[in-house]
Enquirer: 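One structure follows; several queries about it will come next.
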2 protein chains.
Amino acid sequence: MKAWSKICSECAARNATLCRVLDPQELARLNHASFRRWYSAGQAIGGIAAFDGRCATVVAGVMKLSKALSDGRQQIVALLFPGDLLGRPYCAEFPYTVEAATDVLLCWHGRADFDRLLVLRPDFNRAFLQRALDSIDAARDWMLLLGRKTALERVATLLLTLLQKTSYCCGDHQPSQDKILTIPLTRLEMADFLGLRLETVSRQLKLLEASGAIKRLDTRRILVLVADSLTHAAGPDESGESIASATAASAHR
Amino acid sequence: MKAWSKICSECAARNATLCRVLDPQELARLNHASFRRWYSAGQAIGGIAAFDGRCATVVAGVMKLSKALSDGRQQIVALLFPGDLLGRPYCAEFPYTVEAATDVLLCWHGRADFDRLLVLRPDFNRAFLQRALDSIDAARDWMLLLGRKTALERVATLLLTLLQKTSYCCGDHQPSQDKILTIPLTRLEMADFLGLRLETVSRQLKLLEASGAIKRLDTRRILVLVADSLTHAAGPDESGESIASATAASAHR
DNA sequence: CGGCCGTTTGAGTCACCTCAACCACGGTGG
DNA sequence: CCACCGTGGTTGAGGTGACTCAAACGGCCG
C-alpha cells in the first residue's frame with residue numbers, strides 16, 4: 001500500500017476533492033482541523049446520528065450508503081469513491097447506513113472549519129453545491145435504472161459506471177489501459193445496488209461473458225473485452241427527449 | 001380559481017418557498033426581476049437546454065421531472081409541488097424532461113438576481129442548499145421503493161406521499177381534514193413514477209379499495225378511509241439500521 | 001349518436017425470484 | 001500435510017408477481 005500522506009497538498013485524492021479549490025493558506029488550516037482514519041471492509045460507521053453535521057472526504061477505497069426496510073430488504077443508494085464527500089453539514093441526522101465496501105481511508109474535517117469555509121468561501125460553497133446537485137442527478141439516473149431497466153441492462157450499466165468511476169479515481173488501480181475492472185462489491189452488494197437478487201446478478205454476468213463482452217478472471221476482477229458490447233447491453237441511450245414529437249407518436253411505448 | 005397575486009409578499013406559495021427567508025427589501029427586488037406564467041397540464045417546458053441556469057418556483061399545480069430511454073421507457077424522477085424550486089443555477093443543462101402534470105403557475109426568477117442572492121445572502125444560500133440535500137434524500141428514498149418494494153407497497157406509498165405533500169401545500173385543496181386525496185397524475189404517470197405498468201397500478205388500487213383502506217370516487221379523487229391501513233400496506237418501516245446486529249442475524253433476508 | 005381518451009378487467013406469459021445443492025477458496029487446527 | 005469448516009459464488013429447477021396483449025367500459029365533446 002502506498003504511503004498515505006497526511007498533508008492535504010499531497011492528498012492521494014486531491015484532484016477529485018472539494019478541497020481542490022482552496023488556496024494554500026485555507027488548506028493548511030483545514031488540514032490542521034482534519035484527521036484521517038482507516039476503516040476495514042464491511043465496517044459500519046457509528047450509530048445513526050454519529051455524524052452530527054460533520055463531513056469526511058473519501059481518500060481511498062469505496063464507501064456505500066444504503067437504506068433498509070425493517071424486514072431486511074435493502075437498497076444501496078450510493079457509492080462514494082475517492083474524492084467524494086460523506087455527510088451532511090448543518091444536520092445532525094444522516095439518514096443512511098454507512099459502510100465501507102472496501103478498506104477505506106476517510107479524512108474527517110472539523111465541523112467548525114468546514115462550515116466556516118462554506119460560509120466564507122464562495123468558490124468552496126459553490127463547489128459543494130455543485131456536488132450536491134450532481135448527487136441528485138446520479139440518484140435520478142439510478143431511479144431510471146431501478147424503475148425501467150432489465151436485469152441484464154442493470155448489470156451492464158453497473159460495470160460501465162464502475163469502469164468510468166475507477167478509471168479517473170486514484171484507487172488501487174493501475175492507471176494503464178488494461179481494462180481490468182476490479183469490482184469493489186460482493187455479488188450481494190451488487191444486487192442490493194441494482195434492485196436484484198445476487199443469483200440474478202451472477203446469471204447476467206454469465207450471459208455477458210457468454211456474449212463475449214467480458215471475461216471473469218475471478219469473482220472480483222473482470223476483463224472488459226468489448227466495451228461497446230457492454231454499452232449495447234446496457235440498453236438504449238437516454239433520450240434528451242428530442243423535440244421530435246413526431247418520433248414519439250410512433251415509438252412511444 | 002383564486003386571484004394569483006403578482007406580489008411576492010402575497011404569494012400563494014409563500015410559506016413553502018425559498019423566498020421566505022428574504023427580507024422585504026430583497027423580496028421587492030426579486031419580485032421586480034421575476035415574472036409569472038401559466039402552463040397547462042401536459043405542457044412541456046422548452047427544449048433540452050431551455051433553462052440556461054434560470055430557476056423558477058412552483059406557485060400552483062404540480063410539475064413532473066422525468067428521464068427516458070430512447071425506446072420510450074420512461075421514469076418520473078420527481079414531482080414538484082407549490083413552493084418547490086425548478087432548475088439548476090450556474091448550469092446551462094437541466095437533464096430532465098420537464099412537464100406540467102396539472103395546470104401550473106411558475107414564477108421565473110431573474111438569473112442575475114437569483115445568483116446574486118445565492119452569493120450574498122448566506123441564509124438564502126443555506127436554504128437553497130438545504131433544498132438540494134432534501135432532494136437527494138427524496139430521490140434515495142424513492143430508490144428504495146423502486147428497487148425493493150412490491151407493487152402494492154409502491155402504490156400505497158405514493159398515496160401516502162401525495163397525501164402528505166398536498167396537505168400542507170397550498171394547492172387547490174380544501175385545508176379541511178376530509179381526507180379526500182386528489183391525485184395530480186394519470187394512471188400512466190403514476191406507473192411511470194412507480195416503475196410499474198398502468199394496469200398494475202389500477203389493479204393495486206382495486207386491491208386497496210377491496211381491503212377497505214380507500215374508496216375511489218372517480219379516477220382522480222380518492223377517499224382515504226383508513227390511513228393506518230394504507231401505512232400498513234406501504235410496507236414495513238424504514239429501519240434506522242438498528243444497532244442490533246442481534247436481530248439482523250436472524251431477520252436479515 | 002359516435003368517437004376519443006383514460007381507465008378497468010381478464011387471460012396468458014415471462015423475467016426474475018425462491019429454494020436448494022454444489023463448488024472454490026482460504027484459514028484453522030490436529 | 002490434510003481434514004474441516006465458513007464464506008461467497010455459481011448453477012439448477014420450479015414458482016410467481018408483474019408484464020403483455022386484448023377487450024370492454026364510462027365520461028366527455030363535437
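None of these values were measured; they are calculated from a predicted model. Every chain is numbered from 1, with letters handed out A, B, ... down the list of sequences.
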Enquirer: Under 4.0 Å, heavy atoms only, any strand: does A:G42 hit a base, just the sugar-phosphate, or nothing?
Expert: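 Result for A:G42 = nothing.
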
Enquirer: State, to 0.1 Å, how close B:L162 and B:I183 come at their nearest heavy-atom pair, and which atoms those are.
Expert: CD1-CG2, 4.0 Å

Enquirer: Nearest whole angstrom, please: distance from the P of C:dC16 to the CG of A:L146.
Expert: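 Rounding to the nearest Å, CG of A:L146 and P of C:dC16 are 13 Å apart.
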
Enquirer: Using a heavy-atom cut-off of 4.0 Å to chain A, what are the terminal contacting nucleotides of DNA chain D, in 5' to 3' order?
Expert: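 Going 5' to 3' along DNA chain D, contacts run D:dG9 to D:dA13.
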
Enquirer: What side-chain donor-acceptor pairs closer than 3.5 Å can you find for residues 76-84 of chain A, not counting sequence neighbours?
Expert:
{"residue": "A:D84", "atom": "OD2", "partner": "A:F81", "partner atom": "N", "Å": "2.8"}

Enquirer: Strictly by side-chain hydrogen bond (donor to acceptor under 3.5 Å, both in side chains), give each pair with a member in residues 220-230 of chain B just once, sequence neighbours left out.
Expert: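 The answer is B:D218-B:R221.
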
Enquirer: Let me confirm one number: the CG-CG distance from B:L196 to B:L146, rounded to the nearest 0.5 Å.
Expert: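 Answer rounded to 0.5 Å: 8.5 Å.
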
Enquirer: For the pair made of CZ in B:R197 and C1' in C:dA11, what is the distance, rounded to whole Å?
Expert: 18 Å

Enquirer: Mind calculating the distance between CZ (A:R154) and P (C:dC16) to the nearest angstrom?
Expert: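 Result: 7 Å.
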
Enquirer: Would you kindly give the CG-to-C1' distance between B:D218 and C:dC5, to the nearest whole Å?
Expert: 15 Å

Enquirer: How many whole angstroms separate atom CZ of A:R221 from atom P of C:dC25?
Expert: 13 Å

Enquirer: Which sits closer to the 5' end of DNA chain C, A:A151 or A:E199, going by the nucleotide each is nearest to?
Expert: A:A151

Enquirer: Contacts to DNA chain D from residues 203-213 of chain B, heavy-atom cutoff under 4.0 Å, which residues?
Expert: B:R203

Enquirer: Below 4.0 angstrom, N of the basic side chain to O of the carboxylate: do B:D192 and B:K64 qualify?
Expert: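 Looking at B:K64 together with B:D192, the answer is no, because their closest N to O distance does not fall below 4.0 Å.
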
Enquirer: Apply side-chain hydrogen bond (donor to acceptor under 3.5 Å, both in side chains) to A:S211 and list each qualifying residue two or more places apart in sequence or on a separate chain.
Expert: none

Enquirer: What residues, two or more places apart in sequence or in another chain, satisfy side-chain hydrogen bond (donor to acceptor under 3.5 Å, both in side chains) together with A:S5?
Expert: A:E10

Enquirer: If you take all heavy atoms of A:P236 and A:E153, which pair is closest and at what distance?
Expert: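 Residues A:P236 and A:E153, closest heavy atoms: CD-OE2, 3.9 Å.
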
Enquirer: So what does A:R216 touch, heavy atoms closer than 4.0 Å: a base, only the sugar-phosphate, or nothing?
Expert: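 Sugar-phosphate contact only.
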
